[in-house]
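These figures come from a predicted structure and were not determined experimentally. Below, read A as the first sequence line, B as the second, and so on, with proteins coming before strands; counting in each chain starts at 1.
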2 protein chains.
Amino acid sequence: MQIKAASLASGLPAKTIRYYESLGLLRSKRAANGYRRYSEDDVEQMRFLHRARSLGFSLDECRDLLELYQDPTRASSEVRRIAEHHLVEVNAKIEQLQQLKASLGELIQQCPGNDSPDCAILDTLAGDDR
Amino acid sequence: MQIKAASLASGLPAKTIRYYESLGLLRSKRAANGYRRYSEDDVEQMRFLHRARSLGFSLDECRDLLELYQDPTRASSEVRRIAEHHLVEVNAKIEQLQQLKASLGELIQQCPGNDSPDCAILDTLAGDDR
DNA sequence: TTCAACCTTACAGCTAGTGGAAGGTCAAGT
DNA sequence: ACTTGACCTTCCACTAGCTGTAAGGTTGAA
């Protein structure tokens, strides 16, 4: 099948498929006219990458996961290690954003939001510690 | 003062100060030898930007906030609108990450994490709906 | 034959910087 | 007088993960 069909079957945009190929994450055969040709197995890999990305794994992590996926001698502990590391980062990001949310919420509370120029948000950004 | 001193006084790395100048967020006078010279007011702007960035505002938002900060005829409602919009995005990001966290946590639970190749994480990425 | 719908490569742009190279300036120490 | 080190300058390249666009080639059907 050509790249468009593979895109529809996998959920990855055609541009992204080419991009992943340029990174060495995917490979493709070529037809006589130079068009990329994909098999069902290729589409399976694309779906794998699509799902891994949607779980927030980086492309480097996706590469490692895909390698493990294709290695029958893998140890699941390896996979778990990668996922746990990712989870740690997700948790850190959540905490950071919750901090942000609390700070922003407080500032917004204190800003009248009317026609006057007085604004607690700007005061805080300006460094008025009040 | 020169850029290094302004950097220390504001918390913005010198490289970032130059970068912001290239974006038109900051301006600088030049000494005879071509070196940038900064006043206390300039440092105040840098601190403003530093704080706004640490609250997660984009550079575009920072630009708008800085303009409002310097406009005595501003309405605080304008500032509040920007902050509220940002908060909405922060909340959306948090929700998305919490979804991720839940999915990842479940998968990790189900992966034995031993020497065997069987792994629920890979099964899910491969599309085995189980 | 011509048209749409494919396909190709290559380059630019997005966010928000950071790193490094190559070179200029200046004050202090020897 | 000379050198050293700490500054400073500009410019280009790189990061992540794509997306947009241009310029052109191929194919099947009306």
| message | Please report the distance, rounded to the nearest Å, between CZ in B:R37 and P in D:dT9. | response | 10 Å
| request: Compute the angle between the rotation axes at the two ends of the helix from C:dT1-D:dA30 to C:dT30-D:dA1, each taken over five pairs, rounded to 10 degrees. | output: 40°
| said: Below 4.0 angstrom, which residues in residues 54-65 of chain B have at least one non-hydrogen atom near DNA chain C? | reply: B:S58, B:L59
| said: Between the side chains of A:E21 and A:K15, is the shortest nitrogen-to-carboxylate-oxygen separation below 4.0 Å, so that they form an ion pair? | reply: no
| task | Could you check how far CG of B:L26 sits from P of C:dA16, rounded to whole Å? | result | 15 Å
| message | Looking only at side-chain N and O atoms, does A:D118 offer a donor or acceptor that is under 3.5 Å from a partner on B:S76? | response | no
| said: Just N and O in the side chain of A:N33: are any of them under 4.0 Å from OP1 or OP2 of D:dT27? | reply: yes
| Would you say the side-chain atoms of B:Y38 and B:Q45 include a donor-acceptor pair closer than 3.5 Å? | no
| task | Evaluate the side-chain proximity of B:L26 to B:D42: yes if any heavy-atom separation is below 4.5 Å, no if none is. | result | no
| request: Answer yes when B:R74 and B:E67 have at least one side-chain N-carboxylate O distance shorter than 4.0 Å, and no when they do not. | output: no
| message | Checking B:D71 against B:T73: is there a side-chain donor and acceptor pair closer than 3.5 Å? | response | yes
| message | Students often get this wrong, so: under 4.0 angstrom with heavy atoms, is A:K4 touching a base, only sugar-phosphate, or nothing? | response | sugar-phosphate
| said: Measuring from the side chain of A:P13 (C-beta onward, heavy atoms only), which nucleotide among D:dT19, C:dG19, C:dT8 has the closest atom? | reply: D:dT19
| request: Inspect the surroundings of CG in A:N114 and state if more than 12 heavy atoms from other residues, nucleotides or ligands are less than 6.0 Å away. | output: yes
| query | Does a distance-only test, which skips hydrogens and angles, find a donor-acceptor pair under 3.5 Å between the side chain of B:K15 and the base of C:dG20? | reply | yes
| task | Specify the separation, in whole Å, of atom CD1 of A:I17 and atom C1' of C:dC7. | result | 13 Å
| B:E84 with B:R81: basic N within carboxylate O range, under 4.0 Å | no
| said: Please classify the nucleic acid contact of A:R18 as base, sugar-phosphate, or nothing, using heavy-atom distances under 4.0 Å. | reply: base
| remark: A:Y35 has its side chain closest, among D:dT21, D:dC7, C:dT8, to C:dT8
| query | Hey, does the side chain of A:R30 come within less than 4.0 Å of C:dT9's phosphate (OP1/OP2), counting only N and O? | reply | yes
| Distance (rounded to the nearest 0.5 Å) between A:D64 CG and A:L59 CG | 11.0 Å
| Side chain of A:I3 (C-beta onward), nearest among D:dT10, C:dT8, C:dG17 | C:dT8
| query | Does a nitrogen or oxygen in the side chain of B:R53 sit under 4.0 Å from OP1 or OP2 of C:dT15? | reply | no
| query | Of all the choices, C:dA16, C:dT18, D:dT19, which nucleotide is nearest to the side chain of B:T16 once you look at every atom? | reply | C:dT18
| message | Can you tell me which nucleotide in C:dG19, C:dC7, C:dG17 comes closest to the side chain of A:Q2? | response | C:dC7
| request: Look at the side chain of A:Y19 and decide which nucleotide, out of C:dA10, D:dG17, C:dT18, has an atom nearest to it. | output: D:dG17
| field | Side-chain-base donor-acceptor pair under 3.5 Å for B:Y20 and C:dG17 | value | no
| task | Please work out which of the three classes, parallel, tilted or perpendicular, describes the rings of A:H86 and A:F57, given edges at 30° and 60°. | result | tilted
